[in-house]
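Throughout, a chain's letter reflects where its sequence line sits, starting with A, and its residues are numbered from 1. Remember, predicted model here, so these are calculated numbers, not experimental data. Excluded from the calculations below are hydrogen atoms, water molecules and symmetry mates; all remaining heavy atoms, backbone and side chain alike, are included.
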There are 2 protein chains.
Amino acid sequence: MDSMGEQGAGQVKGETRAVVLAAVRLFTEAGYEATTMAEIAEATGMSRRSLFRRFRSKEDILFAEHDELFETVVRYMEASPETPVDTVVSAARLVFQGYVGAPEITVPRYRLVRAHPRLRDREVAMTARYQAAFSRHLARRTGEGRPSLEVEVVAAAVIAAHNHVLRGWLRDPAEGAVWERFGETMDRVHALAGSLLEGAEAGNEGAERVLVAVYPSGVERTELLRRVADAVAPPS
Amino acid sequence: MDSMGEQGAGQVKGETRAVVLAAVRLFTEAGYEATTMAEIAEATGMSRRSLFRRFRSKEDILFAEHDELFETVVRYMEASPETPVDTVVSAARLVFQGYVGAPEITVPRYRLVRAHPRLRDREVAMTARYQAAFSRHLARRTGEGRPSLEVEVVAAAVIAAHNHVLRGWLRDPAEGAVWERFGETMDRVHALAGSLLEGAEAGNEGAERVLVAVYPSGVERTELLRRVADAVAPPS
DNA sequence: CTGGTCTCTGGCACTTAGTGCCGATATTTG
DNA sequence: CAAATATCGGCACTAAGTGCCAGAGACCAG
């Protein structure tokens, strides 16, 4: 069989994608538990042993692309010149892109994940990894040691917002305007994040400010504007 | 061997606790993977088969008490007369109590969890279950169908805050003032939750609205106010 | 071309989690 | 007491995951 010079540090193989697609097909047709590693090996032309070598477990086949994406996202954050919050939001966008850009994997996987608690746990673990990575990034870039409460809440909020939009898309991938929804949603958490972390931004000279106003829906507009004017009055 | 009338619907057994403690001891002494179910069975005086019947898997032994706690928390929320946000915060307090009230299980488990990715995933999955339960509770009590973005962000924030304090305690269970820290932290997310969900509380007649504005810090106040005025103009 | 090392691969055997089945033994019910 | 029922323990079985080894191909030095 043909060989191809590869090895690198956790880089995609191309062959990986084929295996994942084959596995997804088998899982969907015959059921996750009913499909054995031997069958996957046969379907992909590799030996059972080599299959276990490349993917450490049956679950790992299903989430192989996800793992690669995670590596990519972490590297992206390390290299990003944006502010910490912007970087994390962009990273979330990258993850979202990873899903909607590969529906032939992520959509059937979503069905499998919903049906099998073990797989669900695994999916959840992935998002937890992202959340932890976001927290670490925010903490480092704002000069903290361990992530502070604010940082962890912001990371959790970004993840929650991401998942909120993602689940909507996964339930109905055909429906359009996903990116509009994503952008709009992220803008909202971005504002929240800004208000929670205000002043902690790295070199926050020309940083943006955020105003959050909560008001009864019946209030007069002029009254509202007066209150806003008070709120944006110079602090000290 | 002595028998004791039991069965109930997922109720504690008392015997359960003994098995968990024995398993924790074995895992700690010999390592998690090195300890087999047969050994746990022998150590607890039951047969391997019965062990698998009571706890569905090896992991489940370690998290058995956690599962029971989850059931308790869900029932608590269903019966709580408090406002949704208060209920969720109290529920988080219950979970926290579940940890600090059983350090002989949770502390060594923390060490095991940190060392074994599989167990870590399982722990993460538990917190995700709580977060989902919180979201559902908030959504139901505020008359929504699916949890809204705000609801999910609040649930995520409460969980993040809970875990923030919990991890601190797990790292150093001896250090006191845990409950003060917990209370103070929860107060802060409670305020955040209140502002995010304000107006959606049960019986939300005079609902409030939220305005979030993000603006460059250098912008003129008059210009900002003009933009805000535009933003709050009646929609359609 | 030849011998040596290094790596990837596949085959084989083995351990162990987890399950189905069945007979024995309480436990409850009439 | 007898019958129905649930629980328990033993046995056998499937399949995930691992260690070991031997063979095939790549690369290098002589």
Roughly how many Å is it from [atom1] in [X] to [atom2] in [N], rounded to a whole number?
X	N	atom1	atom2	answer
A:D60	D:dG17	CG	P	8 Å
B:F55	D:dT7	CZ	P	15 Å
A:E42	C:dT9	CD	C1'	18 Å
B:L51	D:dT7	CG	C1'	15 Å

- [ ] Show your reasoning for whether salt bridge (charged side-chain N to carboxylate O under 4.0 Å, His left out) applies to B:D60 and B:R122.
- [x] CA-CA 9 Å; B:D60 283 352; B:R122 180 59 193 272; 2.5 Å; yes

Task: Qualifying ring pair (Phe, Tyr, Trp, His ring centres under 6.0 Å) pairs with a residue from residues 135-163 of chain B, counting only residues at least two apart or across chains - done: B:F96-B:H162

- [ ] Determine, for nucleotides 11-17 of chain C in 5'-to-3' order, which nucleotides have protein heavy atoms under 4.0 Å from the base (write B), from only the sugar-phosphate (write S), or from neither (write -).
- [x] BB---SB

Task: Sidechain N-carboxylate O distance under 4.0 Å for B:E65, B:R109 - done: no

TODO: Please step through side-chain hydrogen bond (donor to acceptor under 3.5 Å, both in side chains) for the pair B:E144 and B:T142, ending with a clear verdict.
DONE: CA-CA 6 Å; B:E144 306 173 28; B:T142 53; 3.2 Å; yes

Open item on the list: A:Q131: which residues meet the side-chain contact (heavy atoms from CB on, under 4.5 Å) condition with it, sequence neighbours left out?
Closed with: A:A155, A:A156, A:I159

Open item on the list: As a quick check of understanding, evaluate side-chain contact (heavy atoms from CB on, under 4.5 Å) for A:D121 and A:R118, giving each step before the final call.
Closed with: CA-CA 5 Å; A:D121 288 2; A:R118 276 222 188 76; 5.8 Å; no

